[in-house]
Amino acid sequence: MASTEPIRKFNPLSQFFHWVIAALLLFQVPLAYYMINQPLSPDKLGNYALHKSIGITIFTLAALRLAWRWLRPAPPLPRSMAPWERTAARVTHGLLYFLLFAMPITGWLSSSAANFPVSVFKLFTLPNLVPEDETLHKRLELAHELLAYTLFATFAAHLLAALYHHFRRRDNVLLSMLPFARLR
Amino acid sequence: MSRYAILSFLAALAACTQPAAETGDREGAPPRVAEAEAEAGAGADAGAPPGAYELIEDESTLTFTATQQGAKFTGRFREFDAIIDLDPESPSDGTVVGIVEMDSVATGDSERDGYLVGEEWFHASRWPRARFESESISRGEDGGYVAEGSLRLRDVTRPVTMRFEFTPPKDGEPGSFEGGFEIERLNFGVGQGEWESTEWVGNEVEIDVDLALAE
């Protein structure tokens with residue numbers, strides 16, 4: 001087996017998952033905001049279709065990513081971090097993982113409840129998870145929206161923490177996720 | 001490493017339990033028995049002939065399957081009437097008529113239903129009913145029947161061919177009429193202006209009729 005040195009960087013595949021999902025989310029969230037404000041048109045339907053396809057893609061990547069994280073755990077947090085900081089990091093990361101699953105699932109459920117089966121890039125169609133139910137649809141839509149706000153806030157915390165680690169604490173937290181960076 | 005084994009097992013399990021990509025027809029609520037009959041009857045210039053079977057509305061469905069955002073979905077019409085006047089021994093003397101109240105469309109999403117009855121789609125306020133009427137009925141090669149006829153939808157009347165299976169009611173047992181046909185919505189002007197694009201709302205629409213009949 002490999003050396004007993006503690007790992008200090010994220011595995012390349014873990015980095016790949018992180019950045020691909022990040023890029024998809026940076027597209028997905030503004031797309032959602034844009035499309036819900038569009039008047040009904042074929043273009044709007046196309047944007048919904050794209051949003052759903054990307055959502056299911058993120059869902060799949062998140063599942064693979066979580067499995068891979070189990071096989072290749074994240075590097076340990078810097079020793080300089082205070083206990084409350086470790087707790088904050090754990091909660092934030094846990095919440096981000098939770099949202100990576102909860103967002104696509106509520107989206108898929110919401111579409112199902114309105115009898116809008118989800119097609120993934122017109123390649124295949126997912127089955128409806130629940131029978132049509134207008135009240136349920138409204139609730140799921142609201143849940144999806146509230147989760148989106150939660151995602152936005154959690155993402156902001158995640159980003160600020162990464163920058164804080166890099167520029168103020170001058171540790172390796174951000175560098176450990178950058179593919180070509182050398183550690184300090 | 002056993003973690004690999006567990007994950008591959010889970011992945012295999014997920015692959016096995018993955019249902020078919022196609023969503024099947026879902027059973028909708030039974031059609032609402034309302035003033036449909038009277039209303040539809042008023043719309044039908046040919047009243048039911050004495051030999052026609054009675055439609056058991058609670059057990060009859062009229063559904064359609066269309067494509068939106070690349071995915072098939074099924075909707076239904078809650079109010080419709082049918083005149084099935086058919087003798088299995090001499091189908092060529094028979095008549096099949098169907099009348100649909102277009103504003104009774106139900107797709108599981110009231111917003112979508114609202115758009116469908118609007119001007120760009122059914123324009124139900126102007127053309128409230130669609131009507132199928134057979135012109136000639138013959139036996140099909142597969143043991144079923146073939147009705148050559150016409151469909152009027154909005155202000156367009158076009159020939160359509162409906163294939164169906166038919167069992168007349170007998171000794172108190174209800175009869176059945178199961179059939180359907182496919183249309184291209186744009187042939188009937190369903191979807192005007194920018195909705196003539198078929199990229200996100202498909203052109204093909206499958207109509208499925210499943211009727212229960214009493215003597």
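Predicted, not measured: the structure shown is a model, and the values here were computed from it. Note on naming: letters A, B, ... go to the chains in the order of the sequence lines (proteins, then strands), and numbering restarts at 1 for each one.
With a 4.5 angstrom heavy-atom cutoff, A:Leu50 does not touch chain B via any of its atoms. With a 4.5 angstrom heavy-atom cutoff, A:Phe121 does not touch chain B via any of its atoms.
Nearest heavy atoms, B:Tyr53 versus B:Pro168: OH-CB, 3.6 Å.
Checked for salt-bridge contact, A:Glu85 and A:Arg169 meet the test: a charged N lies under 4.0 Å from a carboxylate O. At a threshold of 4.0 Å, the pair B:Arg131-B:Glu133 counts as salt-bridged, since one of the basic side-chain nitrogens sits closer than that to a carboxylate oxygen.
Both tests pass for B:Arg112 against the ring of B:Phe73: distance under 6.0 Å to the centre and angle within 45° of the axis.
Annotation: maximal heavy-atom pairing with chain B below 4.5 Å, among A:Ser53, A:Ala113, A:Ala63, A:Ala114, occurs at A:Ala114.
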